[in-house]
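Throughout, protein chains are lettered first and strands after them, A, B, ... in sequence-line order, and every chain is numbered starting at 1.
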2 protein chains.
Amino acid sequence: MKINALDILKEKGLSNTGPRKRILEILIGDQAPLSASEVFKKLEFEGLCHNESTVYRNLQKFLEAEIIQSFTLNDGIARFEFKKGHHHHIVCIKCKKMDCLNLCQVEKLFDEAIKKHGFMPVSHHLEFYGLCKGCSTSPLK
Amino acid sequence: MKINALDILKEKGLSNTGPRKRILEILIGDQAPLSASEVFKKLEFEGLCHNESTVYRNLQKFLEAEIIQSFTLNDGIARFEFKKGHHHHIVCIKCKKMDCLNLCQVEKLFDEAIKKHGFMPVSHHLEFYGLCKGCSTSPLK
DNA sequence: ATTAATTTGCAAGAAATGTGCAAAAAGTTC
DNA sequence: GAACTTTTTGCACATTTCTTGCAAATTAAT
Ligand SMILES: [Mn+2]
Ligand SMILES: [Mn+2]
Ligand SMILES: [Zn+2]
Ligand SMILES: [Zn+2]
């Protein structure tokens, strides 16, 4: 029942290469969403990948195959995470730690208003910003 | 009672220059948020500004003076709008038309969940994506 | 009108992301 | 498993958004 990167690649008809497999493993294993450059740094450190383009291209493939999902934070940088159901995130404005919030009753809250504007709702993006426990209790800076 | 660009500049101690005044006027007059480049195109067309840097620097100044507010859409591009109370936006995924939704009961909906994660909520960003009336009825691609 | 402070234009630089192409690796066929 | 086909990687370079240094021009202050 554990999620296996190789199985997913096979299922989606994607060839198994060192960088690709590892990128997927990282996204499967990580609880919080990662930026392309964060993913790359890990691969580079492990000597498994020498180029950011490889990471971008694989992330793009994974998105197309709907293996992962992405969203852009307010800093303008895209984050990628293994595909989960619809949910949102809370980001620490100080240390950038990010958590997933596994709930959402937003649609119904706004549904009427959106239709009043003549729009047919398709999706939405919601991120919370705040201070994590560590950062809100830290006395320094 | 009408909002006047010159008054605002004076109030905030910002000098009155051609590009600056016009940028502010545009943001005051426009119902939907604009990107820096959208603002620049207007000024350029009117022959009032020859450089995007000028637009970026003025938008930055306006943000610091809290005359305007900005947010980054999922395309990674920042939008700027004359400062209003807290609210959200609905974006047409086809024609990119954007509207403001002047309501928000999101905080209370998520407050408990956020605190459960050990975060102290500070702010949030929420954008809806959908199809505007024109785009959802248009038969052509 | 002179002087001092600010802003503009332009060129150049960052940072995130995308692309063309040849070499390398993976997948396929016999 | 060698030969062939397809895909991916690495690298160099392009793009886009946004930033910065600096001198010339403009605005504000005296
Ligand atoms: Mn998540
Ligand atoms: Mn708005
Ligand atoms: Zn934190
Ligand atoms: Zn539309």
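Legend: residues meeting side chain to side chain donor-acceptor pair (under 3.5 Å) with B:Arg22, ordered by chain and number and at least two apart, are B:Glu25, B:Glu46. Evaluation of the salt bridge (charged side-chain N to carboxylate O under 4.0 Å, His left out) rule for A:Lys84 yields A:Glu81 as partners, not counting sequence neighbours. Residues satisfying the salt bridge (charged side-chain N to carboxylate O under 4.0 Å, His left out) criterion with A:Lys61, sequence neighbours excluded, are absent altogether. With sequence neighbours left out, the ring pair (Phe, Tyr, Trp, His ring centres under 6.0 Å) criterion links B:Tyr129 to A:His125. Partners of A:Phe110 by ring pair (Phe, Tyr, Trp, His ring centres under 6.0 Å), not counting sequence neighbours, listed by chain and number: B:Phe128.
Spacing between atom CZ of B:Arg22 and atom C1' of C:dT7 amounts to 19 Å, rounded to whole angstrom units. Between the CZ atom of B:Phe40 and the C1' atom of C:dC10 there is a distance of 12 Å, rounded to whole Å. Rounding to whole angstrom units, CG of residue A:Leu9 and P of D:dT8 are separated by 10 Å. In this entry the distance linking NE2 of A:His50 with C1' of C:dA23 reads 15 Å, nearest Å. If you take NZ of B:Lys41 and P of D:dT16, they are 11 Å apart, rounded to a whole angstrom. To the nearest angstrom, C1' of C:dA16 lies 14 Å from CG of A:Leu73. The NZ atom of B:Lys21 sits 17 Å away from the C1' atom of C:dT8 (whole-angstrom rounding). Atom P of nucleotide D:dC11 and atom CD of A:Glu44 are separated by 11 Å, given to the nearest angstrom.
Applying the 4.0 Å criterion to OP1 and OP2 of D:dT7, one finds that A:Lys61 has every side-chain N and O outside that range. Close to D:dG10, at under 4.0 Å from its OP1 or OP2, lies a side-chain N or O of A:Thr54.
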Please set out all donor-acceptor pairs under 3.5 angstrom arising from side-chain atoms of residues 6-16 of chain A, sequence neighbours excluded.
residue, atom, partner, partner atom, Å
A:Lys12, NZ, A:Ala65, O, 3.1
A:Ser15, OG, A:Arg20, NH1, 3.4

Could you list the donor-acceptor pairs under 3.5 angstrom formed between side-chain atoms of residues 37-45 of chain B and any protein atom two or more places apart in sequence or on another chain?
residue, atom, partner, partner atom, Å
B:Ser37, OG, B:Lys41, NZ, 3.2
B:Glu38, OE1, B:Ser35, N, 2.8
B:Glu38, OE1, B:Ser35, OG, 3.4

Check residues 47-55 of chain B and write down every donor-acceptor pair under 3.5 Å in which the side-chain atom is one partner and the other belongs to a residue at least two apart or another chain.
residue, atom, partner, partner atom, Å
B:Asn51, OD1, B:Ser53, N, 2.8
B:Asn51, OD1, B:Ser53, OG, 3.0

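Screening residues 88-109 of chain B for ring-ring contact (aromatic ring centres under 6.0 Å, His included), with sequence neighbours left out, gives B:Phe71-B:His89, B:His86-B:His88, B:His87-B:His89, B:His88-B:His124.
For the helix from C:dA1-D:dT30 to C:dC30-D:dG1, the angle separating the two terminal helix axes comes to 30°, with each axis derived from five pairs and the value rounded to 10°.
Atom CD of B:Glu66 has 12 or fewer neighbouring heavy atoms from other residues, nucleotides or ligands inside a 6.0 Å radius.
Applying a 4.0 Å cut-off to non-hydrogen atoms, none of the residues of residues 23-33 of chain A approaches DNA chain D.
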Within the 4.0 Å limit for protein heavy atoms, which parts of nucleotides 17-30 of chain D are touched? Write it as a string from 5' to 3', B for base, S for sugar-phosphate only, - for none. SBBBBB----SS--
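Within 4.0 Å (heavy atoms only), A:Lys10 reaches no atom of the nucleic acid at all.
Closest non-hydrogen pair, A:Leu24 versus A:Ala5, comes out as CD2-O, 3.7 Å.
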